[in-house]
Amino acid sequence: MKISRMVAAVCIALACGAAQAGGIAYTVRTTDLKEKPFTDAATLATLPGSSKVEVVQRRGSWNQVKAEGQTGWVKMLSLRLGGSVHVGRGDTGVRSLFNVASTGRSGSTTTTGVRGLSEEKLHNPQPNPQALEALHGYAVDKSSAQRFAAAGNLKAAKVDYLPAPAK
């Protein structure tokens with residue numbers, strides 16, 4: 001039951017978007033302010049974690065923001081929407097679950113699809129700051145996760161990388 005609520009919460013977060021145009025957001029980690037919405041675009045500045053930014057617009061997995069007197073682009077998952085800084089929570093791992101990345105100068109964007117959302121909802125997302133804030137209740141710190149694992153008799157396991165594909 002808890003896992004299905006977590007999956008639903010992640011889907012809500014993706015549907016809502018990480019930021020809305022004209023809204024205030026904060027960086028969740030140190031992130032580069034890019035000249036254009038591409039990974040290899042020139043870096044205008046490096047914003048420290050918990051930097052306040054104003055979201056101007058969203059394009060794919062990128063948000064155009066105003067910060068430190070400059071306007072540039074940051075990755076959507078580097079921002080936390082809302083009116084307050086959440087100190088000490090950091091990255092909740094959503095970024096590692098979903099590969100939302102822009103590739104190269106060509107402007108092509110690769111995005112992970114989400115089951116259960118209509119094409120219209122994906123093209124016209126309606127941010128829901130309350131739902132996004134509710135997701136923060138699912139985040140736990142390392143010691144809580146370790147206690148949970150110990151209570152369930154879970155053990156750490158090292159998983160080797162897959163071998164390189166044959167050429």
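R58 has its side chain within reach of M76: a pair of non-hydrogen atoms, C-beta onward, lies under 4.5 Å apart. Two residues are said to be in side-chain contact when any heavy atoms from C-beta on lie closer than 4.5 Å; R29 and S78 meet this criterion. The shortest side-chain heavy-atom distance between L47 and V53 falls under the 4.5 Å cut-off. Contact check for Q70 versus L33: side-chain heavy atoms found under the 4.5 Å cut-off. Side chains of E54 and V65 form no contact here, defined as non-hydrogen atoms less than 4.5 Å apart. Counting heavy atoms from C-beta on, the side chains of I24 and Y26 come closer than 4.5 Å. Two residues are said to be in side-chain contact when any heavy atoms from C-beta on lie closer than 4.5 Å; P48 and E68 meet this criterion. A 4.5 Å side-chain heavy-atom check between K75 and W62 finds at least one atom pair inside the cut-off.
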(message) With side chain to side chain contact (heavy atoms under 4.5 Å, CB included) as the criterion, how do N63 and L79 come out once you've worked through the C-alpha distance, each side chain's angles and the decisive distance to 0.1 Å?
(response) CA-CA 9 Å; N63 285 288; L79 296 177; 3.9 Å; yes
(message) One pair to check against side chain to side chain contact (heavy atoms under 4.5 Å, CB included): H136 and R80. What are the steps and the verdict?
(response) CA-CA 10 Å; H136 298 307; R80 177 169 286 147; 2.8 Å; yes
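Separation of atoms CH2 (W73) and OG (S61) is listed at 10.5 Å; rounding is to 0.5 Å.
Looking at K34 and T43, their side chains do bring a donor and an acceptor atom within 3.5 Å of each other.
At distances below 3.5 Å, not a single donor-acceptor pair connects side-chain atoms of S51 with backbone N or O atoms of T27.
Hydrophobic clustering of Ile, Leu, Val, Met, Phe, Trp and Tyr side chains at less than 4.5 Å, counting indirect connections, keeps V28 apart from V140.
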